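In this text, all values refer to a predicted model and were calculated from it rather than measured experimentally.
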Amino acid sequence: MAVLFCAMLLLLCGCDTPDATAVIDMDYGGVPLWINRLLGEPSVLSLQGRIDPGWFRANNPQACPEQCDCPIQWPTSLYCDHRGLQHIPNRLPDRTEYLFLQGNNISSLSSSMLANITGLRWLILDNNQLQSDKLEQASLQNQTELRYFFANRNHLTSVPSALPDGLRQLRLAHNNISSIREGAFKNLRNLTLLLLQGNRVQSIAEGDLKGLVSLNLLDLSGNLFSTVPRHLPPSVQQLYLSNNSLSGLDEDSFDGFLNLKYLRLSHCGLQSPGIRVFNYSSLVELDLSYNKLTTIPTVPTTLQYLYLEANEIQEFNVSSFCREVGPLSYSRMKILRLDGNKMTYSQLPPDWVYCLRVLQTIYV
């Protein structure tokens with residue numbers, strides 16, 4: 001009984017992992033937000049409707065804006081989300097490090113709105129009405145401790161400039177962004193995640209992403225690219241380009257990506273004549289689903305996950321996976337999806353098992 005009680009207590013406290021847990025029930029640009037329990041970072045879930053805000057005010061001696069909740073257990077957090085706010089509340093507590101403003105009608109951001117805060121670490125403004133011409137440069141530049149800035153699903157037309165040097169995540173998915181201001185990223189050496197999917201970017205010029213030396217994940221899905229953009233940071237390990245109308249891929253389309261591990265190119269209208277060899281040994285996962293491929297492209301033997309569902313593939317070529325088969329020459333493929341094509345399992349050649357000898361799952 002005592003053991004059962006302790007287990008239930010752990011579940012209620014949310015202490016299932018010692019370092020971090022992901023918030024998977026809310027969309028923060030399509031990539032889960034990780035909460036670092038060791039740093040004492042708060043939950044991103046709103047407390048509205050869970051506990052009477054009046055109880056907080058009666059038991060919390062610290063000042064709290066009338067439009068927000070200030071939970072006692074996270075004194076550095078300010079929950080002002082989903083309140084129908086037109087503006088950021090005045091006189092924010094100077095202790096604020098985590099400011100949640102998602103789901104309001106805020107259209108502008110000035111330096112005076114955040115002037116009282118010097119230690120802000122998270123600023124979440126998803127699902128508001130933010131406009132680029134109402135976003136003062138100094139409003140974010142002065143926040144030297146800011147690490148996470150989320151402005152998904154707003155009305156921004158360009159990437160904000162003068163961002164603080166210490167920023168680690170910038171999420172600007174599903175806006176109307178068509179341009180990147182010159183020098184917008186020049187000092188962001190610590191940025192590891194940049195989300196720009198669902199915008200209107202057509203090209204990336206040399207120097208547009210200059211300064212992003214630590215960028216790990218870059219999402220450019222759902223934009224207006226007709227070719228794979230050049231001048232991308234070579235540090236990128238996860239590159240998402242799905243839902244762009246790409247005319248084809250060349251052998252050098254991804255040159256310079258020495259550590260590229262995850263590449264997504266689904267829903268891009270790709271055809272087999274326009275596909276060259278994916279000869280990148282660093283690749284772990286490749287998504288080419290929902291295109292117009294008629295043959296399986298040649299992939300490195302080190303690839304582990306290949307998604308080719310919903311194409312027009314008619315035959316299975318062992319040479320696409322193995323240039324030769326031997327004791328040490330075989331594909332490391334674990335999952336292969338070929339369902340939704342013009343072939344059946346009976347069409348697989350008898351020697352495919354010698355090439356894909358460590359395969360765990362195949363869908364045909």
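Judged as a side chain to side chain donor-acceptor pair (under 3.5 Å), not a single pair has a partner in residues 186-195 (not counting sequence neighbours). Within the structure, side chain to side chain donor-acceptor pair (under 3.5 Å) contacts touching residues 103-112 (residues at least two apart or in different chains) are Ser110-Ser112, Ser111-Glu136. Pairs passing the salt bridge (charged side-chain N to carboxylate O under 4.0 Å, His left out) check and including a residue from residues 227-236, sequence neighbours excluded, read Arg230-Asp252.
The backbone N or O of Glu309 lies less than 3.5 Å from no partner atom in the side chain of Asp339, so there is not a single donor-acceptor pair. Side-chain atoms of Asn311 come within 3.5 Å of backbone N or O of Leu288 as a donor-acceptor pair. Between the side chain of Ser272 and the main chain of Thr294, a donor-acceptor pair closer than 3.5 Å is present. Under the 3.5 Å distance criterion, the side-chain polar atoms of Asp69 are left unmatched by any main-chain donor or acceptor of Tyr79. Distance alone, capped at 3.5 Å, is enough to place a donor-acceptor pair between the Asn154 side chain and the Asn128 backbone.
Side-chain atoms of Glu285 and Gln304, non-hydrogen and from C-beta on, never get closer than 4.5 Å to each other. In this structure the side chain of Gln67 never reaches within 4.5 angstrom of the side chain of Cys80, judged on heavy atoms. Looking at Pro65 and Leu92, their side chains come closer than 4.5 Å, going by heavy atoms from C-beta outward. Side-chain contact between Ser331 and Val299: absent, with no pair of heavy atoms (C-beta onward) separated by less than 4.5 Å. Side-chain contact between Asp250 and Thr227 is absent, with no heavy atoms from C-beta onward closer than 4.5 Å.
Defined by atom type and a distance below 3.5 Å, a donor-acceptor pair is present between the side-chain atoms of Gln129 and His155. Side chain to side chain, Asn216 and Gln238 meet the donor-acceptor criterion of an N or O pair below 3.5 Å. Between the side chains of Ser242 and Ser221, no donor-acceptor pair of N or O atoms lies under 3.5 Å. Side-chain contact, Ser281 with Thr302: no donor N or O sits under 3.5 Å from an acceptor N or O.
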**Message:** Does Leu303 form a side chain to side chain contact (heavy atoms under 4.5 Å, CB included) with Phe278? I'd like the steps, not just the answer.
**Reply:** CA-CA 10 Å; Leu303 191 68; Phe278 286 98; over 6 Å; no
**Pair Ile124-Tyr98, side chain to side chain contact (heavy atoms under 4.5 Å, CB included): steps then yes or no** = CA-CA 8 Å; Ile124 299 183; Tyr98 304 90; over 6 Å; no
**Phe316 vs Met343, side chain to side chain contact (heavy atoms under 4.5 Å, CB included): CA-CA, chis, key distance, verdict** = CA-CA 8 Å; Phe316 187 98; Met343 60 179 298; 3.6 Å; yes
**Phe150 vs Gln169, side chain to side chain contact (heavy atoms under 4.5 Å, CB included): CA-CA, chis, key distance, verdict** = CA-CA 8 Å; Phe150 297 0; Gln169 291 192 11; 3.7 Å; yes
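Aromatic ring centres of Tyr307 and Tyr363: separated by at least 6.0 Å.
Taken together through direct or relayed side-chain contacts under 4.5 Å among Ile, Leu, Val, Met, Phe, Trp and Tyr, Val236 and Phe254 form part of one hydrophobic cluster. Note: the hydrophobic cluster containing Leu359 also contains Leu338 (ILVMFWY, side chain heavy atoms under 4.5 Å, direct or indirect links). Residues Tyr330 and Phe321 do not share a hydrophobic cluster, defined by chaining ILVMFWY side chains whose heavy atoms lie under 4.5 Å apart. Under the 4.5 Å side-chain heavy-atom criterion for Ile, Leu, Val, Met, Phe, Trp and Tyr, Ile296 and Val353 are members of the same hydrophobic cluster.
Nearest approach of Pro327 to Arg357, heavy atoms of both residues: O-NH1, 3.6 Å. Pro160 and Ala184 get closest at one heavy-atom pair: O-CB, 3.9 Å. Of all heavy-atom pairs spanning Ser253 and Tyr280, the tightest one is N-OH, 4.3 Å. Here the shortest heavy-atom pairing between Leu78 and Pro93 reads CD2-CD, 3.9 Å. Pro234 and Gly256 make their closest contact through CB-O, 3.3 Å (heavy atoms, listed as atom of the first residue, atom of the second, distance). Nearest heavy atom pair, residue Leu172 against residue Asn199, reads O-ND2, 3.1 Å.
Counting non-hydrogen atoms of other residues, nucleotides and ligands closer than 6.0 Å to CZ of Arg168 gives a total of 12 or fewer. Within a 6.0 Å sphere centred on CD of Gln347, heavy atoms belonging to other residues, nucleotides or ligands number more than 12. Heavy atoms from other residues, nucleotides or ligands lying under 6.0 Å from NE2 of His231 number more than 12.
Remark: Glu145 engages Arg147 in a salt bridge, criterion side-chain N to carboxylate O under 4.0 Å.
Every ring-ring contact (aromatic ring centres under 6.0 Å, His included) that His267 has, sequence neighbours left out, goes to Tyr290. Applying the side chain to side chain donor-acceptor pair (under 3.5 Å) criterion to Lys261, with sequence neighbours excluded, gives no partner residue. Considering only residues two or more places apart in sequence or on other chains, Tyr354 meets the side-chain contact (heavy atoms from CB on, under 4.5 Å) condition with Val325, Asp351.
Here Leu348 contributes atom CG and Leu356 contributes atom CG; the two are 9.0 Å apart, rounded to the nearest 0.5 Å.
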